[in-house]
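For reference, the structure is listed below as structure tokens.
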Amino acid sequence: MKKMLHYLHVPLFPSRIIGSILLTAACAAWPLAPLAQEKGDTATVDLKEVVVEGQMQRATAEKVTYKPSTRVKNASQNAIELLKRMAISQLNADDVAMTVKTAAGEDVSLFINYAPATPEDIQGMRMSDVRSVEYLDFPTDPRFRGARHAVNIIVQEYEYGGYTKISDRQFLLQDFSNQASLFSKFAFRKMTYDLYVAANNVSSSHLGQSQTTTFSLPSGDVTRKQEFLSSDFKHVSIPATFRAVYSTDRLRISNTIGYSFNDRYRSKSEGRLLFEPANGADYTYEDNTPYVSSTLSWKGDYYFSLPKGWSLTADPSFVYTHRNSYSSYSTSVPGSDHIVNDARENAYQARLGVNARKVFNGIHTLSADVSGEGSINDVRYYGSSPYDSDFSSYIISSEIGYTLGLQKFRLDASVTLAGNFIKTNGEKYNDLYPVIHLSGTYAPTQKNYMSLSLNYGTSSPQIAEHSPNVIQVNELLFRTGNPLIKNNRYLGANANYTFLPSNKFSVTAYASYYGSYNRAVTTYELYDNGRGVIRSYRNSGDFTVLNFGVNAVLRLFGNSLIFQASPYFGRSISTGYIDDSKNVFAGTIAGQYYIGNFNIIVGYTTRYHNLYEKTGVYLTNRSSYYLQAGWSKNSWNLSVSVHNPFRSRYDGSWAELHTPIYSVLTTTFNGNYRRALGLSATYTFGYGKKVSRGDEVGSQSDAGSAIM
């Protein structure tokens with residue numbers, strides 16, 4: 001379902017006409033690719049047989065800088081798509097899921113002119129304002145908020161005036177989803193105001209799961225077969241955000257307020273139910289899980305550049321969320337109970353971080369960071385398992401860091417002492433722990449960039465995993481949390497090398513290790529005197545992952561034709577309660593072609609496999625492929641995409657789990673890997689005078705939930 005929310009496109013013309021025109025024009029123009037040079041792309045000029053080529057990518061020890069071509073900016077509808085079309089070998093950008101990760105699969109934090117951004121923020125960005133894209137490993141600038149990997153998009157700002165961008169996306173054929181948004185920026189002197197409003201709708205009749213579950217009970221094995229047949233799913237969300245920014249050469253003061261409303265007013269699935277040993281009867285089931293939530297948030301972002309090399313940053317925030325969650329499960333099994341698990345929750349989250357930094361001689365940097373954050377969740381359960389739960393969690397940390405910044409080499413080291421204080425219905429759990437970070441980057445030339453890092457820290461369970469409440473899931477399965485579950489330590493190590501020999505070619509090779517020790521895992525035990533099974537949590541065993549891969553990019557005919565390939569190998573090993581290991585070979589390949597105002601992208605992703613750290617579930621997704629054609633000119637950008645055109649099945653992923661008393665095979669139906677048609681359009685108009693750069697605002701996230 002999550003991916004469906006990002007396949008949100010809107011039709012402006014009949015899709016067959018658009019597809020025919022774009023494909024015919026692109027195919028007819030293919031032989032002319034060598035002539036499709038564009039001013040501002042590679043800037044190749046003949047001077048008496050001497051070719052001068054502008055540098056579009058260069059590396060320093062601090063960062064790698066990329067300059068997007070004009071044709072790539074014109075073809076992109078949002079900043080995630082821009083990163084995808086730029087084909088940066090250090091990144092994997094997915095404009096469907098609206099995510100950006102490193103080539104090794106690690107999360108990347110997004111910034112616009114050093115200001116934190118969300119995917120919604122950069123969805124409203126005006127592409128023509130982008131000047132460059134910076135990729136940074138372990139940036140030391142406090143404005144990056146301690147991000148391990150960051151993309152900083154440099155854009156112009158406005159002395160006065162601004163622009164308005166209207167976007168609409170739809171996803172058709174398999175089901176229906178639509179996202180309409182309006183972003184508007186207005187600047188006057190030292191003040192900039194951003195407004196973002198969106199309306200998202202999803203409707204589906206194919207969201208559900210089929211399961212074959214085996215319960216090893218004292219009385220013998222019982223197999224429960226749940227066959228999904230149909231669903232009725234409808235969801236609407238309305239986010240709205242307003243931000244005011246005051247900025248000068250030496251300070252930036254930003255305040256953002258946001259409100260979002262989410263209503264999953266229909267979420268029903270139904271099908272057949274069979275038990276073995278059977279009594280000769282097939283049954284039916286119905287599962288209904290609607291919810292509604294409202295969130296109000298405020299976030300501050302303050303930066304002060306002080307005399308004598310000092311700087312100070314602060315980032316206070318507060319989020320309040322109210323949720324009403326409903327869950328109803330019933331079957332036609334004679335004598336079965338109607339299971340109702342409704343809940344109401346008030347969730348509060350607050351944070352304050354302050355960072356002070358001093359630079360000596362432009363080479364040495366000392367920094368100190370103090371932060372505190374807390375969350376309170378008041379949950380009341382109704383129905384079959386009434387219960388009141390109160391959670392509170394507080395984290396206080398203090399960090400000292402040192403950076404050595406030379407022209408070709410950077411070294412960054414930091415030590416943090418943190419305390420985590422958790423209280424669940426009177427049960428207390430306190431944990432004091434260190435966080436250690438060591439990293440180095442080396443760029444001997446502008447064409448070579450190397451990065452090494454080592455991180456030691458602590459992972460904390462989710463709030464709901466501490467809940468002592470017991471909830472019935474179905475006829476034989478129950479679930480609860482564990483108030484005594486503990487945090488666990490982890491160790492991560494990464495190495496990557498990026499080679500940028502010319503504008504035509506770039507490649508990144510990487511290797512990474514992740515180890516999580518005595519981590520929290522999902523467990524299954526006998527319950528109700530052996531008449532059922534209960535799912536809970538406990539600390540058990542280690543989980544390690546090794547990854548190796550390459551991301552290579554080839555550009556031909558002055559960036560008119562771009563190829564990208566990303567093969568990788570991974571090995572996951574789990575010990576303790578979940579004893580398993582898996583090897584994964586996978587990858588993606590994509591191609592882009594540009595001619596005039598038209599563009600075409602094709603892509604293929606192999607099957608994806610993953611062994612999950614906490615649950616022990618081994619997940620397999622189908623392969624996927626797509627063809628996208630676009631046209632852009634002046635203020636308009638139109639796009640048509642066809643996904644998996646030769647596949648009609650709705651089942652897209654399979655999850656397996658095997659434990660001594662509980663085993664399950666789950667097939668998920670959602671249409672993400674079925675044939676689908678995507679249509680999208682954006683219209684942007686500007687007003688006023690541009691100067692150097694600015695940033696954007698988007699919808700805000702809600703407070704974390706403790707509802708099980």
Side-chain angles (χ1 to χ4, degrees), residues 1-19 22 73-85 93-100 110 117-127 163-184 196-204 207 233-241 260 262 599-601 603 624 626-633 635-645 670-685 696-699:
M1 181 194 72
K2 184 177 180 181
K3 287 189 175 181
M4 285 186 53
L5 296 175
H6 304 291
Y7 276 104
L8 307 171
H9 303 271
V10 66
L12 297 181
F13 305 102
S15 58
R16 292 183 179 178
I17 296 176
I18 293 178
L22 295 179
K73 291 191 293 184
N74 290 341
S76 303
Q77 294 187 346
N78 56 65
I80 302 295
E81 185 178 0
L82 173 69
L83 296 176
K84 174 184 175 181
R85 289 179 177 272
D94 186 344
D95 61 332
V96 174
M98 293 296 287
T99 59
V100 180
L110 302 174
T118 68
E120 290 84 3
D121 294 334
I122 60 176
Q123 189 173 14
M125 181 185 298
R126 190 180 190 184
M127 295 297 101
Y163 67 90
T164 296
K165 181 177 181 179
I166 302 172
S167 304
D168 202 291
R169 293 185 169 190
Q170 289 188 9
F171 190 56
L172 307 171
L173 291 187
Q174 52 140 340
D175 286 305
F176 173 79
S177 60
N178 179 81
Q179 180 187 43
S181 65
L182 180 146
F183 175 85
S184 188
Y196 175 88
V197 180
N200 310 320
N201 294 277
V202 178
S203 177
S204 174
L207 294 178
F233 180 91
K234 288 180 171 57
H235 177 264
V236 60
S237 64
I238 303 175
T241 305
S260 65
N262 286 276
N599 63 85
I600 292 177
I601 300 181
S624 62
Y626 70 95
L627 169 66
Q628 179 179 341
W631 173 86
S632 59
K633 187 175 182 179
S635 299
W636 283 98
N637 187 309
L638 309 178
S639 176
V640 180
S641 59
V642 179
H643 304 260
N644 308 304
N670 52 26
N672 287 350
Y673 301 91
R674 184 186 184 273
R675 72 170 64 98
L677 176 66
L679 304 167
S680 65
T682 65
Y683 178 73
T684 307
F685 58 93
E696 317 255 342
V697 67
S699 64

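Heads up: numbering here begins at 1 and tracks the sequence. Computed from heavy atoms alone, side chains included, the values below leave out hydrogens, waters and symmetry copies.
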>> Assess the residue pair S237 and H235 against the criterion (side-chain hydrogen bond (donor to acceptor under 3.5 Å, both in side chains)); give the C-alpha distance rounded to whole Å, side-chain angles, the decisive distance to 0.1 Å, and a yes or no.
In response: CA-CA 7 Å; S237 64; H235 177 264; 4.7 Å; no
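- With sequence neighbours excluded, the residues satisfying side chain to side chain contact (heavy atoms under 4.5 Å, CB included) with L173 are L677.
- Counting heavy atoms from C-beta outward, N200 and P239 have side chains that approach closer than 4.5 Å.
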> After noting the C-alpha distance and the side-chain angles of I122 and L110, does the key distance pass the side chain to side chain contact (heavy atoms under 4.5 Å, CB included) rule?
Replying inline: CA-CA 9 Å; I122 60 176; L110 302 174; 3.5 Å; yes
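- Contact detail for S203 and D175: the closest heavy-atom pair is O-CB, 3.4 Å.
- Checking S680 against Q77 by side-chain atom types alone, a donor-acceptor pair falls below 3.5 Å.
- Annotation: side-chain hydrogen bond (donor to acceptor under 3.5 Å, both in side chains) contacts of N78 (sequence neighbours excluded): none.
- The two residues A75 and E81 have their closest heavy-atom pair at O-OE2, 3.6 Å.
- Atoms OH and CG, on Y673 and N644 in that order, are 9.0 Å from each other to the nearest 0.5 Å.
- Ring geometry for F685 against Y683 counts as tilted: the plane angle lies between 30° and 60°, on a 0 to 90° scale.
- Atom NZ of residue K73 and atom CZ of residue R85 lie 14.5 Å apart, to the nearest 0.5 angstrom.
- Of all the heavy atoms in A676 and F171, the pair that sits closest is CB-CZ, 2.7 Å.
- Residue N599 comes nearest to W631 through the heavy atom pair ND2-N, 4.1 Å, listed as atom of the first residue, atom of the second, then distance.
- Once rounded to the nearest 0.5 Å, the distance linking CD1 of I601 with OH of Y626 reads 5.5 Å.
- In this structure, S76 and L82 approach most closely via the heavy-atom pair OG-CA, 3.3 Å.
- With T684 as the fixed residue, the side chain to side chain contact (heavy atoms under 4.5 Å, CB included) test singles out one of Y163, W636, F183: Y163.
- Summarising the geometry, atom OG belonging to S641 is positioned 13.0 Å from atom CD1 belonging to I600; distances are rounded to the nearest 0.5 Å.
- Legend: residues meeting side chain to side chain contact (heavy atoms under 4.5 Å, CB included) with A180, ordered by chain and number and at least two apart, are D168, N178.
- K165 places no side-chain N or O within 3.5 Å of a backbone atom of R126 that could act as its donor or acceptor partner.
- In this structure, OH in Y196 is found 4.5 Å from OG in S181, a value given to the nearest 0.5 Å.
- Taking all atoms of both residues into account, the shortest heavy-atom contact from D95 to I80 is CA-CG2, 3.7 Å.
- Atoms CG and CD1, on L182 and I166 in that order, are 5.5 Å from each other to the nearest 0.5 Å.
- Counted by atom type alone, Q123 and Q179 present one or more donor-acceptor pairs between their side chains at under 3.5 Å.
- Between the S632 side chain and the N74 main chain, a donor and an acceptor come within less than 3.5 Å of each other.
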